Amino acid sequence: MKWFFTALIIVPTLELALLIWAGGKIGFFPTLAIIIVTGLIGAYLAKKRGVKAIHDIQDSFSRFQPPGDHLLNAAFVLVGGVLLLTPGFISDAVGLSMLFKPTQKLYKPLVFKLIQKNMKNTRVIVR
């Protein structure tokens, strides 16, 4: 949990520094245009991939299979879409990478390890 609070400080600072640097190198309006265009493209891609994720989940239900992997893909699409709508180059790069299956495969082991760690640390009280 410590890394989460550290990331909440470091990532926005890096995003802001990178935006200021880009504004100085290419100008304010081109930087603003890049932010707006990536937001629009991100919204479009997130909607398109999100609809596909929902169809995949429905398809797995119709075949009486657990939708676990499809739910995780849908979560990646949701988080990726939010990151693409957030202004900044770093969040755009990470968000875009979360929308596609080849790069989602890189994130899955990290997420599984995090889930597994949280499950070990959670105590269930049965009454």
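No experiment lies behind these values; they were computed from the predicted model shown.
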Partners meeting side chain to side chain contact (heavy atoms under 4.5 Å, CB included) with L114 (sequence neighbours left out): N118

A53: side chain to side chain contact (heavy atoms under 4.5 Å, CB included) partners, not counting sequence neighbours: A74

Hydrophobic cluster (4.5 angstrom, side-chain heavy atoms) - remaining members for L110: none

All pairs passing salt bridge (Lys or Arg N to Asp or Glu O under 4.0 Å) where residues 86-107 contributes a residue, at least two apart: none

Partner set under salt bridge (Lys or Arg N to Asp or Glu O under 4.0 Å) for K108, not counting sequence neighbours: D69

side-chain hydrogen bond (donor to acceptor under 3.5 Å, both in side chains) pairs, two or more places apart, involving residues 76-87: none

Residues in side chain to side chain contact (heavy atoms under 4.5 Å, CB included) contact with L14, at least two apart in sequence or another chain: I10, I90

Other cluster members, Y44 - Ile/Leu/Val/Met/Phe/Trp/Tyr, side-chain contacts below 4.5 Å: V37, I41, L45, V77, L84, L96, L99, F100

For K47, salt bridge (Lys or Arg N to Asp or Glu O under 4.0 Å) partners two or more places apart: none

Those residues that, when tested against V11, pass side chain to side chain contact (heavy atoms under 4.5 Å, CB included) (two or more places apart): A7, E15

For residues 21-32, which side-chain N or O atoms pair as donor and acceptor with protein atoms under 3.5 Å away, sequence neighbours left out?
residue	atom	partner	partner atom	Å
T31	OG1	A22	O	3.4
T31	OG1	G23	N	3.4
T31	OG1	G27	O	2.7

Co-members of the apolar cluster containing I9 [side chain, <4.5 Å]: none

